[in-house]
Number of protein chains: 2
Amino acid sequence: MNGKAASGEAAQVATRNRLERGRGALGPALELVHTGRAPTRAVLTSELGVTRATAGAVAAELEALGLIRVEPGAAAGAQGRPSHRLVVADDGPVVLAAQVHADGYRAALVGLGGTIAATAPGCETIDADPAQILGSLVEAGVELLEQTGRRCVGAGLAVPSAVAEPEGQALNPLHLAWPVGAPVREIFAERVRAAGLAGPAFTGNDVNLAALAEHRHGAGRGSADLLCVATGHRGVGGALVLDGRLHTGSSGLALEVGHLTVNPEGRPCYCGSRGCLDVEADPLAFLTAAGRAPGPEVSLLKESRELLTHEYDDPAVRAAAAELIDRLGLGLAGLVNILNPDRIILGGLHRELLAADPERLRAVVADRSLWGRSGGVPILPCTLDHNSLVGAAELAWQPVLDDPLGALAG
Amino acid sequence: MNGKAASGEAAQVATRNRLERGRGALGPALELVHTGRAPTRAVLTSELGVTRATAGAVAAELEALGLIRVEPGAAAGAQGRPSHRLVVADDGPVVLAAQVHADGYRAALVGLGGTIAATAPGCETIDADPAQILGSLVEAGVELLEQTGRRCVGAGLAVPSAVAEPEGQALNPLHLAWPVGAPVREIFAERVRAAGLAGPAFTGNDVNLAALAEHRHGAGRGSADLLCVATGHRGVGGALVLDGRLHTGSSGLALEVGHLTVNPEGRPCYCGSRGCLDVEADPLAFLTAAGRAPGPEVSLLKESRELLTHEYDDPAVRAAAAELIDRLGLGLAGLVNILNPDRIILGGLHRELLAADPERLRAVVADRSLWGRSGGVPILPCTLDHNSLVGAAELAWQPVLDDPLGALAG
DNA sequence: TCATTTTGTGCCGACACTAAACAAACTCAG
DNA sequence: CTGAGTTTGTTTAGTGTCGGCACAAAATGA
């Protein structure tokens, strides 16, 4: 390596570094429009903390990229010259979002702003071979892309399992009959590549992605320290969104909240302890507490919902709900003591439990977390219809949000 | 407000925003030198990801500010032109670092690089009035500054209590006889101002600050997701350093780890539960388990250390250590499941317990955390002598690290 | 109709950094 | 001892982003 090459190498590092940082205010601006926090150029100006000139130029560039549109028709009423509105382009690029859950799987195209542009007919069975399912999902996505004629800039997948970083194996796909440690991220990426789809492919845990979606477009908007807890079938999942970024820990295993002790005299757990959140506050625990042995072929979540909404008068159901609320509350209090979130969002059965008796849950959490200050953390139900799916899309949008120019060009 | 003023206001926001971001690579460069990760301009170049020209200019500017020095005398040996060394200026500015603990308090001057430049004689008693103690600490600092003639650019204080954000009240100064909720941050800042010291004043929890110090200068260097757990007197403290920044949660109460359940059949805790980490793994629990009722006037930590180092042959002591290791391990495993850190650092008595039987502790944590992957997290003893004190200094240095030009000028 | 208010745009300059060529200081081989 | 090779430091010119400012545009209201 001679002197010239060495000098060139340093410059190359510098350039790569600059490109990785993303260029200027383009990314932040797109993120603001994407999350609905910049309805006009005027608020874009103040949110970005730049001058009107810069905000105008940035908006023009994003429009030129086909990502947003600047619409003259403004809702006036206030004094001064009315702002043009900034809206997500409804014919802009989309990402392929895919989700696998206990009872089936589905694919969709999602545009900026978290809007679902097209959905493939969902499937209600689960194959034991992940490659099979992920292949079908990508196929369905390709079909949707052909039908709509829109450009694809990435793909995201949500799976009901912890996803190890950085390789992306599914570590505990407990209710999928998938092999433990299946390299789902790699399989999905390979299928996406094979299908000729443009853009990178991402894979994450469904509760994590649901949390991300709720933070961007749902009940978590504006939170700096968001805790999500949810249960869908068996076990309890958690997620943390810090400053708008998913916190997955050093190897993707953070927020595995299922083994917090919430009942010292509780049933034994497969982890070796007893009274874990996983076995004390999931749909199976609820049905068992209510004295309803679940049938073999039913969805535990659906059955639980049914009970809570239509048979809440039954004292046994009511008592079971109260018991689960107490257990869940203890678990949440433990998490509050460790994480001190500014908001908690509940999904799945936990959402229904919150709806059934919000006061009881809030009281338990306040009572068992250390100070009223943190005990007073708001506990809200999730608000998005398909939050894991939208979250998978968020994952795929992230490179575009970080550096629109680079992601759409490269 | 006329048109010109409005335009001026937008520009003002933009300017403030730019100043807050800090100018260019100055801050990152100083941080690299500060933490010992940039011994020469060559590695500064690659670490910053800029060209040699930029790195050179940045180093020159930091030298002009009196913060670092560029020394020609280099340890050669390698090929090519030898680098000059970048070292912290030994006559540069300092910050006042102060610490209050269960058995006394002390003050020191700390320079860049975490080096203690001067220490005031420590005091071994604790007054019930925080204003009294904090006043003495600031006085001691002023004296040190006069003796050494160095410039002061800020002050930091470590207290053995959770510190509420954003106001800075001491929420649980359990073993200080201070009033609960005392506005220590405000009191300290007021004393610093009254003494005529330049620069802002900061206050934080001692375990948090110890973690910060270990991350910058000790066993935590290079960690992206560092968990610290320590016990000094009564109760157990925790801290988390994410990407080099202290994670204190939304109101400063994160990592209050003392109420994790680690022994379902354990002793009752003041929180209403039983078998909490706080009452199962602190020095008092150790002494009790070893059958040594602590004298009224001794330091629980010193007494415990004494036992562990000089009476470890005693079966009762050995059994007590094993019991505490098991309890601590369960607590750490719970934290690993929730936080998934890439490293754990133990301080106070926990450090001695780790030294007494490292294999036992590691085995418990690996056994009870969910996957071997995260169970294999390294558990290390803390390595700095006065890590809370150095951490308090880090707090005070932070504005300088973020924007050297702005902090030293304003 | 005109003053007032707010938003949008064009132009210039400041500033930080890249890029590239050159100079300097060492090692190592012969 | 000399020169090739290698790495580091410096100089100069150039580029791109964004602040600062003046002016234009589009509404409200007396």
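Quantities reported herein were computed from a predicted structural model and do not represent experimental measurements. Convention: sequence-line order gives letters A, B, ...; per-chain numbering from 1.
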Taking the nucleotide of DNA chain C with the closest heavy atom to each, which residue, Val43(A) or Val58(B), is nearer the 5' end? Val43(A)

How close do Ala89(A) and Gly66(A) get, heavy atom to heavy atom, and via which atoms? CB-O, 3.5 Å

Counting only heavy atoms not in Glu63(A) (residues, nucleotides, ligands), do more than 12 fall under 6.0 Å from its CD? yes

Looking only at side chains, do Thr35(A) and Arg37(A) share a donor and an acceptor under 3.5 Å apart? yes

Whole Å only: how far is the CZ atom of Arg85(A) from the P atom of dA27(D)? 14 Å

Strictly below 4.0 Å, heavy-atom distances to any atom of DNA chain D: list the hits from residues 29-42 of chain B, or just say none. Arg41(B), Ala42(B)

Of the options dT6(C), dT7(D), dC17(C), whose atoms approach the side-chain atoms of Arg81(B) most closely? dT7(D)

Please report how far the helix from dT1(C)-dA30(D) to dG30(C)-dC1(D) bends, comparing the axis fitted to its first five pairs with the axis fitted to its last five, to the nearest 10 degrees. 0°

Nearest-0.5 Å distance that lies between atom CG in Leu62(B) and atom CG in Leu86(B): 9.0 Å

To the nearest Å, give me how far apart CD (Glu71(A)) and C1' (dT7(C)) are. 17 Å

Can a side-chain donor-acceptor contact be found between Glu165(B) and Thr248(B) if the only test is distance below 3.5 angstrom? no

Phosphate oxygens OP1/OP2 of dG19(D): is one of them under 4.0 Å from a side-chain N or O of Thr54(A)? yes

How close or far is atom P of dA3(C) from atom CD of Gln79(A), stated in whole angstroms? 16 Å

In terms of heavy-atom contacts, Val95(A) and Trp397(A) come closest through CG2-NE1, 3.6 Å

Closest non-hydrogen atoms of Arg150(B) and Ala117(B), given as atom of the first, atom of the second and distance, are NH1-CB, 3.5 Å

Please evaluate residues Arg69(A) and Asp90(A) with respect to the criterion salt bridge (Lys or Arg N to Asp or Glu O under 4.0 Å), reporting the C-alpha separation (whole Å), side-chain torsions for both, the decisive distance (0.1 Å), and the verdict. CA-CA 9 Å; Arg69(A) 281 217 321 274; Asp90(A) 54 8; 3.2 Å; yes

Identify whether the distance between the nearest side-chain nitrogen and carboxylate oxygen of Asp402(B) and Arg245(B) falls below 4.0 Å. yes

Which nucleotide, dC17(C), dT9(C), dT6(D), lies nearest any side-chain atom of Arg52(A)? dT9(C)

Testing dA26(D), dC28(C), dG9(D) for proximity to the side chain of Pro82(A), the answer is dA26(D)

Toward the 5' end of DNA chain D, which comes first, Gly80(B) or Gly56(B), by nearest nucleotide? Gly80(B)

Nearest-Å distance for atom pair CG/P, residues Leu405(B) and dA16(C): 9 Å

What's touching nucleotides 11-14 of chain C from the protein side, N or O pairs under 3.5 Å?
none

Do you see a donor-acceptor pair shorter than 3.5 Å between the side chains of Glu394(A) and His215(A)? no

How close or far is atom P of dC15(C) from atom CD of Glu61(B), stated in whole angstroms? 12 Å

Which whole-number value in Å describes the distance from His84(A) NE2 to dA24(D) C1'? 13 Å

For atom CG of Asp403(B) and atom C1' of dA16(C), their distance in whole Å: 14 Å

Just so I know, are the side chains of Thr45(A) and Thr51(A) near enough to count as touching, which here means a heavy-atom distance under 4.5 Å? no

Which of dT8(D), dT18(C), dG29(D) is nearest the side chain of Thr51(B)? It is dT18(C)

Send over the distance from Leu26(B) CG to dC15(C) C1', rounded to a whole Å. 13 Å

Interatomic distance, Asp243(A) atom CG to Leu226(A) atom CG [nearest 0.5 angstrom]: 11.5 Å

